[in-house]
Amino acid sequence: MYIRLGSCHTIIVSSPGMAKEFLLTHDHVFQYRRPSTITKILTNGSTIGQSSGPLWRQLRKICMTGLFSTKCIHSFQAVRMKEINEKGEKGARHLKQIVDDIFEAFATVIIGDYVPSLWWVSKLQGVEAPLHDLRKRMKQFAQEILDEHRRDNATTDHQDSTYNDKPKDFIDVLLSERLDDESGKLSDDTIEAVLYNLLAAGTDTTSVTLQWAMAELLRNPKLMKHAQDELDTVFGTDRVVEESDLQHLPYLQATIKETFRFHPAAAFLIPHMSLKSCQVAGYSLPPKTQVIVNLWAMGRNSDVWERPLEFDPECFLEHPEIDWNGSSFELLPFGSGRWSCPGQPLAELVIQLALAHLVHSFDWSLPNQQEPHTLDMSDKFGLSLPRAQPLHAVAHPRLPTHLY
Ligand code: HEM
């Protein structure tokens, strides 16, 4: 579909064939990502997510080989457990407030971003002052964390033989990264921007996906029973789920794929823009054409899916070759190719593990004896695609008491 967003030629893609054209065949032409007013103010242009230049390439490399490598994700396990045990900390609440404010900021439509000649309307909108204030709070909070890590680092014995085995967190990894051009370490501004970028891109997407998966299972007790039977067969009922057994749960994986199809946490991929004119599927597109891949519409496309408006994990059991790793263009929850989500390995681990724990450890019901089929399944538009109504459910332990 072609539309004009202000002065910008825009193509909206909602079929796997066209997604492949733009994300694979012509991805070298659609390389540019236009930073918005919000990212310019909040991140000073020094982060991933919106940019596409040398710093973006460097940061992506750090994500792929450092932060989200198998070794690093494994080492974060200790940090995850520590954080779970220290829940409710004041710092965590402060950080949550900042992340909530970032989400609210991203939901603002700034007219000048779509119609550059109307930049002055943005000034009248009065959005910039609160963004600068938020940026100040983000900077102050991140600086405290960086200073704390530097102090800890200064008192650590790096020659100690156990040093390399000590758990490191995201900040430790970023502080130790050197830029390829040997201009030195990443600047504090860049680390701060990457940190918030990871938080904004990683927290809501993961929790929204989990909420939708649980809502669909609560709404359809037969599917919940199927998932529980599979978990009981693999783990029994006298131990809890472990990371190492997740690959033996095809029904759970099919349920997560179906959740990605029906409720994609990112309704749209981040828009890309062409640097020069090009021909795509017989159409001539001028330079600076923007392309937006609509994952929500693709998941409901009746040319692709047999029963698009029905939540049924079976379709992925029948087609196990359809994967979420970016090679099956009908299911692209994390995007595809050079632009795809660098946090995918962490996200898929956390979602599978959390859903398996919730379903295996508890039976679930809706409060006040509400009938499952009456559960409200409407969504609301935002940076991610959350439920319009919060999900309330009652958990009933189903494993021996000593396991809780
Ligand atoms: C269910 C969970 C998640 C989903 C569905 C998801 C989805 C996406 C999508 C669709 C994109 C844009 C890809 C494109 O435009 O082609 C993206 C980008 C990104 N995601 Fe995720 N994501 C998830 C979790 C995470 C996590 C856990 C992290 C990190 C902690 C993360 C970090 C990022 C970053 C940094 C980018 C920007 C990449 C770039 O600009 O090159 N995401 N994600």
Side-chain angles (χ1 to χ4, degrees), residues 13 19-20 22-24 27 30-36 39 43 45-64 66-69 72-73 76 79-80 83 99 102 106 169-171 173-174 190-191 193-213 253 255-273 290-296 298-299 324-327 329 331-355 383-386:
V13 170
K20 192 171 177 183
F22 286 104
L23 299 176
L24 185 69
D27 75 325
F30 289 82
Q31 278 203 29
Y32 178 67
R33 291 201 281 193
R34 191 173 53 158
S36 64
T39 46
T43 68
S46 53
T47 187
I48 35 185
Q50 290 289 321
S51 54
S52 48
L55 181 61
W56 168 80
R57 272 195 292 280
Q58 176 77 33
L59 293 174
R60 267 203 79 100
K61 193 169 138 204
I62 293 172
C63 282
M64 309 313 272
L67 295 176
F68 302 117
S69 65
C72 222
I73 287 181
F76 290 158
V79 178
R80 284 196 289 273
E83 290 303 318
V99 173
I102 294 176
F106 272 102
D169 61 20
F170 276 7
I171 305 284
V173 177
L174 291 170
T190 304
I191 295 182
V194 172
L195 178 67
Y196 285 116
N197 193 195
L198 294 177
L199 283 167
T203 48
D204 212 45
T205 41
T206 307
S207 69
V208 159
T209 305
L210 259 176
Q211 281 182 44
W212 278 119
Q253 285 191 12
T255 305
I256 296 171
K257 284 180 186 175
E258 182 66 341
T259 308
F260 282 144
R261 176 190 73 81
F262 207 38
H263 305 287
F268 304 105
L269 297 185
I270 301 171
H272 305 164
M273 220 174 226
Q290 175 172 241
V291 58
I292 300 177
V293 179
N294 183 344
L295 297 186
W296 187 90
M298 238 156 73
W324 58 53
N325 61 12
S327 57
F329 284 84
L331 185 72
L332 296 172
F334 298 103
S336 176
R338 72 172 91 185
W339 308 102
S340 63
C341 172
Q344 182 189 329
L346 180 61
E348 63 185 42
L349 173 70
V350 171
I351 290 171
Q352 290 181 84
L353 196 58
L355 188 62
L383 192 55
S384 60
L385 208 58

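Whatever order the structure lists them in is the order used to number ligands and atoms, beginning at 1.
Residue Pro342 has no nitrogen or oxygen atom sitting less than 3.5 Å from a nitrogen or oxygen atom of ligand 1, judged on distance alone. Below 3.5 Å of separation, one finds an N or O of Arg60 facing an N or O of ligand 1.
Using a 4.5 Å heavy-atom threshold, the side chains of Leu210 and Thr259 count as separate. Put simply, the side chain of Leu23 does not reach to within 4.5 Å of the side chain of Val13, judged on heavy atoms.
Counting only distance, with no hydrogens or angles, the side chain of Ser336 and the backbone of Gly326 share a donor-acceptor pair below 3.5 Å.
Residues satisfying the side chain to side chain contact (heavy atoms under 4.5 Å, CB included) test with Thr205, not counting sequence neighbours, are Ala265. Contacts of Trp324 classified as side-chain hydrogen bond (donor to acceptor under 3.5 Å, both in side chains), with partners at least two apart in sequence or in another chain: Glu348.
Close contacts of ligand 1 with Ala347, meaning ligand atoms under 4.0 Å from a residue heavy atom, involve 2 (C), 24 (C).
Of all the heavy atoms of Ile270, the ones lying under 4.0 Å from any atom of ligand 1 are found in both the backbone and the side chain. Both the backbone and the side chain of Ala201 come within contact range of ligand 1, each with a heavy atom under 4.0 Å. Here Leu332 has no heavy atoms under 4.0 Å from ligand 1, in either its backbone or its side chain.
Among Phe334, Trp339, Phe268, Phe260, the residue whose heavy atom sits closest to atom 6 (C) of ligand 1 is Phe334.
With His272 as the fixed residue, the ring-ring contact (aromatic ring centres under 6.0 Å, His included) test singles out one of Trp339, Phe22, Tyr32: Trp339.
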